[in-house]
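One-based numbering, in listed order, for ligands and for the atoms of each. Positions are given from 1, in the same order as the sequence printed here.
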Amino acid sequence: MNPSQHADSLGRLEDLPADYIAQMHALSIAPLWPQLRGLLPRGKPVRATQPFVWQYKDVRPQLMRAGELTPIEKAERRVLVLCNPGHGVDKLIATPTIYVGLQLILPGEVAPNHRHTPSAVRFVVEGSGGFTTVDGEKCPMHKGDLILTPAGLWHEHGHEGTGPVVWLDALDLPMVYAMEASYAIEGPSQIARPGLDASQTRYQRAGLVPYESLSLNARAAYPQIRYPWPDVRAALISLEKATAPGAAVQLAYVNPETGQPCLPTLGFSAQLLRQGEDFSPRRRSASSVVHVIEGHGQSEIDGVSLHWSEGDTLAVPTHAQVTHRAQNGQAFLFHVDDAPMQRALGFYQEF
Ligand code: 1HN
């Protein structure tokens with residue numbers, strides 16, 4: 001054996017005497033070195049998460065069937081969870097840190113009030129007449145709207161219209177659950193304040209905030225709960241005109257008072273993919289979920305080709321090499337990533 005091979009081959013568990021292993025295990029201790037390379041692979045993490053697409057045309061009929069089979073009272077939240085096949089259907093994760101599901105609410109139904117330690121967002125996929133009330137602020141849900149339900153804030157859903165309403169839920173649940181910190185409290189239905197939500201009054205225009213919010217003690221942790229899609233779409237179309245070929249036409253959803261990501265754990269952004277352009281962002285340490293708002297196209301994720309169209313949702317593993325391409329016109333994508341928590345932990349990287 002040459003010296004470099006020797007440096008690479010750490011001792012295995014089987015190399016140790018059986019009685020020594022038994023004694024250690026009886027004491028609830030274990031040697032690190034047989035597992036060290038598994039815990040800290042060289043250069044790049046080992047990833048079980050697979051590049052994957054859930055097509056809305058496949059999931060929607062199953063969700064509508066849930067609407068027939070399971071009354072809301074038997075579900076509280078009528079959700080089909082998008083499970084990354086690299087992790088199976090029991091873990092309920094799209095990526096190691098991101099939970100996503102498609103939720104169906106039917107006319108007249110109520111998803112009762114609760115609050116919990118995981119943070120969530122809703123991104124509306126179809127239908128109208130749905131609403132979410134968050135700490136007393138009633139937020140209408142139109143296609144493409146983003147609505148935050150941050151950790152600890154009361155939230156309940158309802159439907160005052162006709163036809164099904166479907167939205168994508170994205171939560172930091174896998175991380176909160178892994179921390180053994182996930183729990184909920186149920187409460188009575190909220191009394192919503194009359195009037196419009198803050199996206200239509202206090203935070204209608206970027207660069208302008210209510211004057212009194214400049215005094216720091218008057219600043220809410222989550223001043224804007226709803227981000228209406230028509231505003232985001234129009235802003236992307238304006239940004240496209242000022243963006244160099246090949247550069248990202250992408251807007252981050254931020255807290256308008258701080259300019260920081262709107263939730264502490266997960267980041268959200270909307271992207272316009274130009275027709276006929278291959279968009280290849282730098283490889284990054286964050287995992288993400290991409291939802292197709294409008295248009296169709298194709299993505300290469302770590303060598304896997306995935307075709308997508310409106311309503312589809314993709315899983316992007318950490319450290320993945322990614323290219324997105326819109327076909328037959330421009331496309332609009334909604335991204336959820338775990339970059340905020342990776343930044344907070346001090347290891348977010350772009351390569
Ligand atoms: C939750 O609170 C909702 O409020 C949806 O609509 C999905 C998945 C796991 C944990 C909490 C909701 C959820 C959830």
- May I have the step-by-step check of side chain to side chain donor-acceptor pair (under 3.5 Å) for Thr265 and Asp172, ending in yes or no? CA-CA 7 Å; Thr265 46; Asp172 59 13; 2.7 Å; yes

- Query: Relative to ligand 1, is Thr149 under 4.0 angstrom through side chain, backbone, both or neither, heavy atoms considered?
  - Reply: neither

- Message: Quick check on Gln35: does its CD atom have over 12 non-hydrogen neighbours (other residues, nucleotides or ligands) under 6.0 Å away?
- Response: no

- Task: Answer yes if Ile185 and Val110 sit in the same cluster of Ile, Leu, Val, Met, Phe, Trp and Tyr residues linked by side chain heavy atoms under 4.5 Å apart, and no otherwise.
- Result: no

- Query: What is the nearest protein non-hydrogen atom to atom 14 (C) of ligand 1, stated with its residue, atom name and distance?
  - Reply: Leu171 CD2, 3.9 Å

- Query: Going by the atom numbers of ligand 1, which of them fall below 4.0 Å from some non-hydrogen atom of His155?
  - Reply: 2 (O), 4 (O)

- Query: When you look at CD1 of Ile191, are more than 12 heavy atoms from neighbouring residues, nucleotides or ligands closer to it than 6.0 Å?
  - Reply: no

- Any link between Met175 and Leu173 through a network of hydrophobic side chains (Ile, Leu, Val, Met, Phe, Trp, Tyr) touching at under 4.5 Å? no

- Does atom CD of Glu212 have more than 12 heavy-atom neighbours, drawn from other residues, nucleotides or ligands, at distances under 6.0 Å? yes

- For ligand 1, which atoms have a heavy atom of Leu173 less than 4.0 angstrom away? 9 (C)

- ligand 1 atoms in contact with His157 (distance to a heavy atom under 4.0 Å): 4 (O), 6 (O), 12 (C)

- Task: Using a strict cut-off of 4.0 Å, indicate which atoms of ligand 1 neighbour a heavy atom of Tyr99.
- Result: 7 (C), 8 (C)

- Message: For atom 12 (C) of ligand 1, what's the nearest protein heavy-atom neighbour? Residue, atom name and distance, please.
- Response: Arg77 NE, 2.8 Å

- Task: From the options His116, Glu76, Arg122, select the one whose nearest heavy atom is closest to atom 3 (C) of ligand 1.
- Result: Arg122

- Task: Starting from atom 7 (C) of ligand 1, find the nearest protein heavy-atom neighbour and note its residue, name and distance.
- Result: Asp169 OD2, 3.8 Å

- With the threshold set at 4.0 Å, does a side-chain nitrogen-carboxylate oxygen contact exist between Asp197 and Lys138? no

